[in-house]
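Side-chain atoms are counted along with the backbone in the values below, which use heavy atoms only and exclude waters and symmetry mates. Every number for a ligand or one of its atoms is a count from 1 in the order of the listing.
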Amino acid sequence: MTEYRSVILGVGSDLPGRVVTNDELAQTVDTSDAWIRERSGIEQRHIASEGEFTSDLGARAAEKAISNAGIDKSKIDLIVVATTTPDLTFPSTASIIQEKLGIRHGAAFDVQAVCSGFIYGIHIADSMLKSGPYEHALVIGAETFSRILDWNDRSTCVLFGDGAGAMVLQKQKTTESGIINNFIRSDGRYCDLLYVDGGPSRTQTVGHVRMIGNQVFRHAVKDIAIAMKECANSAGLEPNEIDWFVPHQANQRILDGVGKKLSLRKEQVISTVAKHANTSAASVPLAFDTAVKDGRIKRGDLVMLEAFGGGFTWGATLLRF
Ligand code: COA
């Protein structure tokens, strides 16, 4: 039987120009550079300027991914955007990006799985490419998370940033490269540990991020390690046989904790949390693009993506680049 795979044809990312350091934050919030670095590994974050929207970051990342893929954008027939900070309640940010890119056909929609959104989006696009009439999918993670932060709450506002990353997937008859395996999960019992206290139906407001950080931390390390192991094992591999890990960039201590649990070498784990902070659904494709552009991740390498977020939701994707 012919096997189809979704091959990663191109990657791209975009960050707002404005960089906010920990020291700058400490001028307005009761915190310090030392506390933030020690507890999270974060040194700085990029913050969108007034009038710069999630769709702007997403469209710029998409343009770069399409150019990197070397195809004409008219080939894109599926756009999936993972975001928790859409431009508007509707239409979807995917539809707005479709318009910004000048694409006039195919399907476009948003996925909401908070920080795990990109992994969910990849799984959905991969399934639609394999089972449907689609040939080229654009999967984007894009956030202006700064817009839903309570800038007086030091326990959350120091941890997040804005950005976007994108991948172009192409359906190909191959077993040599592409997405091998996806694993996604959710457990709604933990909705109250990480959430936004507003929304169109309940409050008619946008709301702010609320989090019980230490409990989120505990679940994240445990669930991510299980997801990575299951995703690798279903492909007949152990996690430490994989060349590169591109984790969700929430906290360096979470990355270290998972690495220790799975006996990974520090050099296998791509970390951009120091420079980008937690950009929610954008963090995995942003980190992936960073490691491709700096020459670490090369064509043919075996790569695992993983993420964890509100819901709780979590998941992993195994691919050969
Ligand atoms: N600056 C200085 N002090 C701070 C602070 C800040 N920005 N934020 C919290 N604190 C204080 C707390 O008030 C608390 O003080 P107290 O002991 O006097 O009550 C103290 O630091 C310890 O707080 P705690 O929450 O127990 O710290 P922690 O070691 O768990 O680290 C996080 C806090 C948020 C960095 C950590 O729990 C974490 O990263 N959790 C996961 C968050 C995450 O990744 N979320 C997204 C998942 S997608």
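Using a cutoff of 4.0 Å between basic side-chain nitrogens and carboxylate oxygens, Asp162 and Arg147 are not scored as salt-bridged. Salt-bridge annotation for Arg210 and Asp192: absent, with no side-chain N of the basic residue lying under 4.0 Å from a carboxylate O of the acidic one. Taking the charged nitrogens against the carboxylate oxygens, Glu63 and Lys73 do have a contact shorter than 4.0 Å, which makes a salt bridge.
Those atoms of ligand 1 that come under 4.0 Å of a heavy atom in Asn278, given as number and element, are 46 (C), 48 (S). Which parts of ligand 1 touch Val158 is read off a 4.0 Å heavy-atom cut-off, strictly below it: atoms 7 (N). Against a heavy-atom cut-off of under 4.0 Å, Thr31 is close to the following atoms of ligand 1: 1 (N), 2 (C), 6 (C), 7 (N). Every atom of ligand 1 is numbered from 1 in the order shown, and the set under 4.0 Å from a heavy atom of Leu159 is 34 (C). Heavy-atom contacts of Ala250 reach the following atoms of ligand 1: 44 (O) (cutoff under 4.0 Å). Within the listing of ligand 1, atoms 26 (O), 30 (O), 37 (O) sit less than 4.0 angstrom from a heavy atom of Asn214. Per-residue contacts place Cys115 under 4.0 angstrom from the following atoms of ligand 1 (heavy atoms of the residue considered): 48 (S). Near Arg253, with a cut-off below 4.0 Å to any heavy atom, the atoms of ligand 1 are 29 (O), 31 (O).
Listed by chain and number, the residues in a side-chain hydrogen bond (donor to acceptor under 3.5 Å, both in side chains) with Lys293 are Asp289 (sequence neighbours excluded). Scanning for side-chain hydrogen bond (donor to acceptor under 3.5 Å, both in side chains) contacts around Glu99 gives Arg104, with sequence neighbours left out.
Atom 1 (N) of ligand 1 is approached by the protein to below 4.0 angstrom, counting heavy atoms only. Distance screen at 4.0 Å: atom 20 (C) of ligand 1 has no protein heavy-atom neighbour inside the cut-off. Distance remark: protein heavy atom not present below 4.0 angstrom from atom 17 (O) of ligand 1.
For the atom pair CZ (Phe53) and CD1 (Ile96), the distance works out to 9.5 Å, reported to the nearest 0.5 Å.
Taking atom 43 (C) of ligand 1 as the reference point, the nearest protein heavy-atom neighbour is Met211 SD, 3.9 Å. Summary of contacts: the protein heavy atom closest to atom 48 (S) of ligand 1 is Phe308 O, 3.2 Å. Ranking the protein heavy atoms by distance from atom 40 (N) of ligand 1 puts Gly213 O, 2.9 Å first. Closest to atom 8 (N) of ligand 1 among all protein heavy atoms lies Trp35 CH2, 3.3 Å.
One option in Gln252, Arg154, Arg39, His248 has a heavy atom closer to atom 15 (O) of ligand 1 than any other, and that option is Arg154.
Counting heavy atoms from C-beta outward, Leu318 and Leu237 have side chains that approach closer than 4.5 Å. Taking 4.5 Å as the limit, some side-chain heavy atom of Met167 sits within range of a side-chain heavy atom of Leu305.
With 3.5 Å as the limit, one finds a donor-acceptor pair spanning the side chains of Thr317 and Asn182. No donor-acceptor contact under 3.5 angstrom links the side chains of Glu52 and Thr144, judged on distance only. Counting only N and O atoms by type, the side chains of Trp244 and Asp301 include a donor and acceptor under 3.5 Å apart.
For the pair Asn251 and ligand 1, the shortest N or O to N or O distance falls below 3.5 Å. Polar contact with ligand 1: absent for Ile254 (N/O pair, distance under 3.5 Å).
Formation of a donor-acceptor pair under 3.5 Å by the Glu143 side chain with backbone atoms of Thr84 is found in this model.
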Practice problem: Would you sort out whether Leu302 and Arg320 count as a side-chain contact (heavy atoms from CB on, under 4.5 Å), showing the intermediate values? | Solution: CA-CA 5 Å; Leu302 201 52; Arg320 191 169 292 282; 3.8 Å; yes
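By the criterion of a heavy-atom distance under 4.0 Å, neither the backbone nor the side chain of Val114 is placed next to ligand 1. Proximity of Val29 to ligand 1, defined as any heavy-atom pair under 4.0 Å, is not found for any part of the residue.
Within the 4.0 Å heavy-atom shell around ligand 1 one does not find Ala220.
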